[in-house]
Asker: 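Take a look at the following structure, please.
Below, read A as the first sequence line, B as the second, and so on, with proteins coming before strands; counting in each chain starts at 1. Both backbone and side-chain heavy atoms feed into the values below; hydrogens, waters and symmetry mates do not.
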Amino acid sequence: MAFIKIENLLKKFGNMVAVNHIYLEVQKGEMLTLLGPSGCGKTTTLRCIAGLEKPDDGDILIDGQPMFSQGFVPPSQREIGMVFQNYAVWPHLRVFDNVAYGLKIQKFPRHVIKEKVMEALESVGLTGLGRRYPGQLSGGQQQRVALARALVRNPKVLLLDEPLSNLDAKLRERMRFEIKSLVRRMNMTSVYVTHDQAEAMVISDRIAVMEAGNIVQVGVPEEIYKKPANRFVADFIGTTNFIPGEIVEVPKGKELVYIQTEFGQKMLCRVFDSAAAFPNQKVYVSIRPEDVEVFAKPPDGRDNLFKGIIQHRAYLGNFLNFFVNVDSTMIRVQVAYDVRQEEGEELFLFLDPEKCIALT
Amino acid sequence: MSRGNLIISAILWFVVALFVIYPLSFLVIESFKIAGTDYYGIQNYIDFFKDPYYLKTFVNTLFLAVLVLITTTLLGLPLAYILARYRLRGKVLFTALILLPIVLPAYAGAFALIVFFGKMGTMNLLLMDWGLISKPINFVFGLHGLVFIQSLHLLPFIVLSLSAGFTNIDPSLEEAAEVEGAGGFKRFLTVTLPLTSPNYLAGAVIVFLWPFTDWLTPLIFGQVDFLPSISYINIAYHFTDMHRKYMGIVSVVVSSVICVGIFLASKTWVERKKYTALSKGTTLEGRIIDPGLLTRVSSYAYMFFIAVLVLLIPIVLGLSAFSRRWVLQPFPSYWTLDNFRLIFLETPALLKNSFLFSGVALLFGVAFGLPAAYLITRTKVPGKDTLDFVITLMLAFPGIAVGVSYLLAFWEGIPLATHWIIMPLSLFIRRLPYFLRMAHASYLQLDVSLEEASEVSGASKFRTFFNISLPLLLKGVFVGLVMFFIMAFQEISTAIFLYRGGWETLPIGIYLNWHRGMEFGIAGAMAFLMIVIIFILLLIVARIGGGILGAAWGSSGGRY
Ligand SMILES: Nc1ncnc2c1ncn2[C@@H]1O[C@H](COP(=O)(O)OP(=O)(O)O)[C@@H](O)[C@H]1O
Ligand SMILES: [Mg+2]
């Protein structure tokens, strides 16, 4: 049984539906990320789990116990730890007292509190700063205080709302790994909210992609990247090319279908949901730039081979990006940095059918 | 909906119903009573509006309000612009000086002005000594003096609201006007000023309503024919003359209706305007520029001029406080501490009462204001907006309305008026919105997530309030407390109706000493004493507000 179970969760603000009847499960010890663009309802979902918002409908269970629907368990009784986007570190309390706050409420003996706080501060790398006030800490350090405060009581669930969004890029990278290893080590069940897909890829065991109040796909990072459920997910995660077209033929018993592209040539590509694949269906073929192979001369016996002209060449350090014009459709291609072709030259693109995905 | 919130809401509503709605409705009902009978009708109102005299006072008051508004606007506009837009040395000091009249009682200023500018005042005597004039000039007695002193008292409201407006305008809006070719004054007229109008209106309303509230200053200047003054005289001195009493009550109601009406109209207008015009995010610094030499010199001259006028008040009162028999002399020559001996030794009750009543009013204010602010900003209890509305409305009600209605409502039935508690109670109700607004504003600035973090950590709402919210609100709350105390301390227009022998406060003592025609020195000394006390309180605010505690809340991450 899932550790956190959300069923049919609905939350409205006035007439605006912020979270639209979603279902979600988080396993024990798992880190699940809610990923999506700003305003899609991630924070609202998280706050419903925390009990900071009262849902309009649905059920929320944590560790088998109903939090909502049958009654309403207030946030203070849910045994959760939460890291807020703006840290919410109390400015009038010293670092030590910030972290000790929840323990004091639980009336732990003083020496136990001290021990636990010290341990928590150590685990986030703040040893020796307990007597400081938050105003005397850098943004990154405040962030660590918030993390220590959330973890110190060993909560059932850890909730993190864009905890890294206020840090600079370098620190952000480092904290991703720190948070991940810390949470792993404590075998903490956690829900992580971010709009940064790269961050989500690194940190999550599983990702739930949200769009306009709905969860559109849940899966491990690789699955989300390689098998996006729809055009929105493919577009939001990483970069991809979309080639508009129409299914013309669905060979029996195969996962590959024929598609008439808008630029005139036919191509083969995969469909994951074969039930939805039938002739005349309008689709977009998605293929990632790194999945396109380039050739100076056309190799023999391959499908999905297209001729194009390099319109633009962008040097990105460790590799090159070509923007290739194939009969007026622009296809972005990632190639090794030592590929010699220049702008205006002709080349052949091989779009591996196994990696072309037809999406609706 | 949590039960605790509902209980808080019920208690607050009870207080509002008993001490605001009940007495004020009593006042309104009484105004419809037909004198000498048990019947009710609109006879009193017909009498009031048919009587040329009352109609005249009505028109006079309106006229005074317009004049005061125009004067404050003309004086305040350049000042606000200087303070908001020019980088000048010593601006902070000047700002503090210029804003001083907010906390000085208006009547204290009136006394000072008469001593200095009166017929036999310092100015006339000096001018005659120097042979510049042969007969004294009437500088202040009459409408012009009244307009002048009320304008001086109200100037800070206009300056504060206008300079907030000038500071908060999105710089790009003005830059766009410049790009379009509207430079300098043209830009000011076509873009800056219109965009500031909601701010201006917020201040202008306070100014405009003041002449409907202040009964004492006109009396000091020998003017009776204004609504609040005539109400006061009718009710306080002609209680047995039924006709005059009811005319007094009707004029209180009429003033209240006008005040509330104007207040609501402007509030609606401001809220609508703000939405469309000032919705943009703003920069803190606005556009502060280094003025050229000419601008710099004239700015200083102007600020200096206003500062001198303001400083005249405490200086003149100080001179008269430490002297006796200051008549027919430009400056006092007989120096003494006699006035203070009188105040401290012979009538110490005045001081004691002032502190006691204001202090108790303050306790009421906190006990009511904190839960009210919490309820209004942090909960969704039904009716909280109405509560907020009713409380805010008290900003508009003339003090005289509170005084008279308490006198009427708490005499029989609920005979609170026979106990001294009526004094702090009425002060508390009269200043109800002040503390609430301050607590409210601090609450709005307190990030909700700080409280949520506490709840998530396992703290109850109650515990969260005491451990997290209150310490963080403390600064704002404290400033609110002191401001409330200051306003209660100088309050007279409500208290004058309710005091009985032995309950006199310092302001009432000032009034009585002046009224009985005793030597001015004592009234002057009392007023001076008030100013000193208020000034000390202000220093405390400034110290706490910007000092020690500042580091903990300052974003700069200061040290202790
Ligand atoms: N307290 C609120 N009142 C009204 N609307 C809200 C409130 N909180 C969030 N919303 C709206 O709900 C939607 C989802 O918000 P949120 O969950 O904060 O998005 P995200 O965290 O994914 O950026 C947004 O359109 C937002 O404007
Ligand atoms: Mg969010």
Asker: For the interface with chain B, which of A:G102, A:A88, A:P134 has the highest count of heavy-atom pairs at distances below 4.5 Å?
Answerer: A:A88
Asker: Within a 6.0 Å radius of atom CD on A:Q27, are there more than 12 heavy atoms belonging to other residues, nucleotides or ligands?
Answerer: yes
Asker: Let me check something: any side-chain donor-acceptor pairs from residues 55-63 of chain A under 3.5 Å, sequence neighbours excluded? List them with distances.
Answerer:
| unit_1 | atom_1 | unit_2 | atom_2 | d |
| --- | --- | --- | --- | --- |
| A:D56 | OD2 | A:K12 | N | 2.5 |
| A:D59 | OD1 | A:S69 | OG | 3.1 |

Asker: In sequence, state the C-alpha distance, the side-chain angles, and the governing distance for B:E452 and A:M82, and then conclude on side-chain contact (heavy atoms from CB on, under 4.5 Å).
Answerer: CA-CA 9 Å; B:E452 289 173 348; A:M82 183 157 177; 6.0 Å; no
Asker: A:R132 versus chain B, heavy atoms under 4.5 Å apart: side chain, backbone, both or neither?
Answerer: neither
Asker: Nearest 0.5 Å, what's the NE2-CG distance between A:H92 and B:N467?
Answerer: 7.0 Å
Asker: Would you compute the distance between atom CD1 of B:I468 and atom CG of A:N98 and round it to the nearest 0.5 angstrom?
Answerer: 7.5 Å
Asker: Counting only pairs under 3.5 Å, give me each side-chain donor-acceptor contact of residues 453-462 of chain B, with atom names and distances, residues two or more places apart or in other chains.
Answerer:
| unit_1 | atom_1 | unit_2 | atom_2 | d |
| --- | --- | --- | --- | --- |
| B:S454 | OG | A:Y101 | OH | 2.7 |
| B:S454 | OG | B:T464 | OG1 | 2.9 |
| B:E455 | OE2 | B:K461 | NZ | 3.4 |
| B:S457 | OG | B:A453 | O | 2.8 |
| B:S460 | OG | B:R463 | N | 3.1 |

Asker: Return a table of donor-acceptor pairs under 3.5 angstrom between the side chains of residues 33-43 of chain A and protein atoms on other chains or two or more places apart.
Answerer:
| unit_1 | atom_1 | unit_2 | atom_2 | d |
| --- | --- | --- | --- | --- |
| A:T33 | OG1 | A:S204 | OG | 2.6 |
| A:K42 | NZ | A:G36 | O | 3.0 |
| A:K42 | NZ | A:P37 | O | 3.0 |
| A:T43 | OG1 | A:D161 | OD1 | 3.4 |
| A:T43 | OG1 | A:D161 | OD2 | 3.1 |

Asker: At under 4.5 Å between heavy atoms, what parts of residues 140-159 of chain A are in contact with chain B? List them by residue number.
Answerer: A:R149, A:R153
Asker: Does CD in A:Q106 sit with more than 12 non-hydrogen atoms of other residues, nucleotides or ligands closer than 6.0 Å?
Answerer: yes
Asker: Determine whether more than 12 heavy atoms belonging to other residues, nucleotides or ligands lie under 6.0 Å from atom NZ of A:K104.
Answerer: yes
